[in-house]
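Notes to accompany the following structure.
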Number of protein chains: 2
Amino acid sequence: MVRSSNERSRRRRDAQRDLILRAAARLFRDRGVADTGMREIAAAADLSPANLYYYFKGKDEILFYCQDRALDSMLAAVAGAKRGRGSVAARLDGVLRTHVSTLLGEVDGASAHLLVDALPPPLRVRIVAKRDRYERAVRGLVAAGVRSGEFATASPALVTRAMLGALNMTVLWFRPDGAASATDVGRELAQYLVRGLHIHSAA
Amino acid sequence: MVRSSNERSRRRRDAQRDLILRAAARLFRDRGVADTGMREIAAAADLSPANLYYYFKGKDEILFYCQDRALDSMLAAVAGAKRGRGSVAARLDGVLRTHVSTLLGEVDGASAHLLVDALPPPLRVRIVAKRDRYERAVRGLVAAGVRSGEFATASPALVTRAMLGALNMTVLWFRPDGAASATDVGRELAQYLVRGLHIHSAA
DNA sequence: TCGAACTTCGAACCACGGTTCAATTGTAAG
DNA sequence: CTTACAATTGAACCGTGGTTCGAAGTTCGA
């Protein structure tokens, strides 16, 4: 039966691609994109360097899919938050926590925003476009809070970049074997970053 | 007179080193460290690639001095703030603004914290040590605010990293020809980041 | 002017890492 | 068993970019 054979091989192929992407994402997060070689990725995924090129066109494409996956996860979170019904603060808090989980988690590809410029133009524009869409969505959430009177901010765009920047930098110092878990870090950071938006009377 | 000759040549040498470091810092900030070649640095500093090796041992050393200079500038600011007499919030605000100015300014070397891992161990440990000293100083300022009752934070260490992270990420999106100047960005970011520390009653 | 140093440079070197390729093994249908 | 295709691999290729080298140019005191 030809059909089941194609189905099976396609599934195997996808599983291997997924395995490679996970291994690559982990290395990218731990040692940095530039300092991670194809030979290291191959070793981590238990196959030969040459075999990587049967599944991906090259290192660029691997990095591309890592970032693409991570962004999809974040976009889903922010899309859900947009439809939510709680306070804007609570919804934004959830988005930020998901952001950290995606970045630091083992499952999805990390190093999302960092080193986007390492990609060649064709792939870069696609990632940048998606990243901008995400940033705009988060900014929209902040702006919504301002409109509703929950938040007070002179420049939502700048503040949004500050929030995402603080979150993205976690990949540079976070260590899984540390005292704080990824969830802990996300909770604390989100709390602090959202607090800065709230209307308040200084003591 | 031998003395004046040595003096003069030493001064010329230092001036050239400074010129090279400025050019390199600018390129590092604009195009990234990995994507900046020695040939580009040489072109920007108006001398041949080979001549760079008369002034520096290699690319690593150039990057090292860029980061070292930037950290000195930041350390000076935080040291001054520690001796200051105003509110902790005001002093911290000043430190953060200086941080942004140093990072985004034309004078000092940018790309301070980013890509520290690009250095070989011998140089890296020195930079990391100085960077940690700076981070500890900022964290001390935050802790001082908590002790004095100005601030309320569960984890000063985490919040400090968040602040510095938000600041450091500016080098990835800031453009000198944009609407907001480096000073503007520094002011807005510092305001937001310090606000998150303040004791407040949510609306 | 002379000479010894400081400074500069063109050209080549060479290692590293992404990539390619021909050939081998594994798999499943006929 | 055979055949066709998927999967895998060792070995080599090769462009990029940091680096080195020997010589030529420049400065400055004597």
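A, B, ... follow the sequence lines: proteins, then strands. Residue 1 opens every chain.
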Results of salt bridge (Lys or Arg N to Asp or Glu O under 4.0 Å) for [X] - residues two or more places apart only:
{"X": "B:Asp132", "value": "none"}
{"X": "A:Lys59", "value": "none"}
{"X": "B:Asp60", "value": "none"}

Looking only at side-chain N and O atoms, does [X] come under 4.0 Å of OP1 or OP2 in [N]?
{"X": "A:Asn51", "N": "D:dA7", "value": "no"}
{"X": "B:Arg13", "N": "C:dT7", "value": "yes"}
{"X": "A:Tyr54", "N": "D:dA7", "value": "yes"}
{"X": "A:Gln16", "N": "D:dA6", "value": "no"}

> Taking atom CE of B:Met74 and atom CG of B:Leu167, what is their separation to the nearest 0.5 Å?
Replying inline: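 Going from CE on B:Met74 over to CG on B:Leu167, the span is 8.0 Å.
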Could you give the side-chain donor-acceptor pairs of residues 182-190 of chain A under 3.5 Å, partners two or more places apart or in another chain?
| unit_1 | atom_1 | unit_2 | atom_2 | d |
| --- | --- | --- | --- | --- |
| A:Asp184 | OD1 | A:Arg187 | NH2 | 2.6 |
| A:Asp184 | OD2 | A:Ser181 | N | 3.1 |
| A:Asp184 | OD2 | A:Ser181 | OG | 3.1 |
| A:Glu188 | OE1 | B:Ser155 | OG | 3.3 |

> Should the pair B:Arg17 and B:Phe56 be classed as cation-pi, given the thresholds of under 6.0 Å to the six-membered ring centre and 45° from the axis?
Replying inline: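 Positive - B:Arg17 is close enough to the ring of B:Phe56 and near enough to its axis.
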N/O donor-acceptor pairs under 3.5 Å from side chains in residues 78-96 of chain A, not counting sequence neighbours:
| unit_1 | atom_1 | unit_2 | atom_2 | d |
| --- | --- | --- | --- | --- |
| A:Ser87 | OG | A:Ala90 | N | 3.1 |
| A:Arg91 | NE | A:Gly86 | O | 3.3 |
| A:Arg91 | NH1 | A:Ala81 | O | 3.2 |
| A:Arg91 | NH1 | A:Gly84 | O | 3.3 |
| A:Arg91 | NH2 | A:Gly86 | O | 3.4 |
| A:Asp93 | OD1 | A:Arg97 | NH1 | 2.9 |

How many Å lie between [atom1] on [X] and [atom2] on [N], as a whole number?
{"X": "A:Ile41", "N": "C:dG18", "atom1": "CD1", "atom2": "P", "result": "7 Å"}
{"X": "B:Ile62", "N": "D:dG17", "atom1": "CD1", "atom2": "C1'", "result": "14 Å"}
{"X": "B:Arg10", "N": "D:dC28", "atom1": "CZ", "atom2": "C1'", "result": "18 Å"}
{"X": "B:Ile20", "N": "C:dT8", "atom1": "CD1", "atom2": "C1'", "result": "12 Å"}
{"X": "A:Phe64", "N": "C:dG18", "atom1": "CZ", "atom2": "C1'", "result": "19 Å"}
{"X": "A:Phe56", "N": "D:dT8", "atom1": "CZ", "atom2": "C1'", "result": "16 Å"}

> Along nucleotides 19-26 of chain C, 5' to 3', which nucleotides get a B, which get an S, and which get a -, given that the test is a protein heavy-atom distance under 4.0 Å?
Replying inline: BBB-----
>> Test: ring-ring contact (aromatic ring centres under 6.0 Å, His included). Region: residues 151-197 of chain B. Which pairs qualify, not counting sequence neighbours?
In response: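 Sorted pair list: B:Phe151-B:His198.
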> What does the inter-axis angle of the helix from C:dT1-D:dA30 to C:dG30-D:dC1 come out as, five pairs per end, nearest 10 degrees?
Replying inline: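 That helix has its two terminal axes inclined by roughly 0°.
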>> Any base atoms under 4.0 Å from A:Tyr55, or only sugar-phosphate, or nothing? Heavy atoms, all strands.
In response: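 If one applies the 4.0 Å heavy-atom cut-off, A:Tyr55 turns out to touch the sugar-phosphate alone, with no base involved.
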Under 3.5 Å, which donor-acceptor pairs do the side chains of residues 37-49 of chain B form with other protein atoms, sequence neighbours left out?
| unit_1 | atom_1 | unit_2 | atom_2 | d |
| --- | --- | --- | --- | --- |
| B:Glu40 | OE1 | B:Arg31 | NH1 | 2.6 |
| B:Glu40 | OE2 | B:Gly37 | N | 3.1 |
| B:Ser48 | OG | B:Asn51 | N | 3.2 |

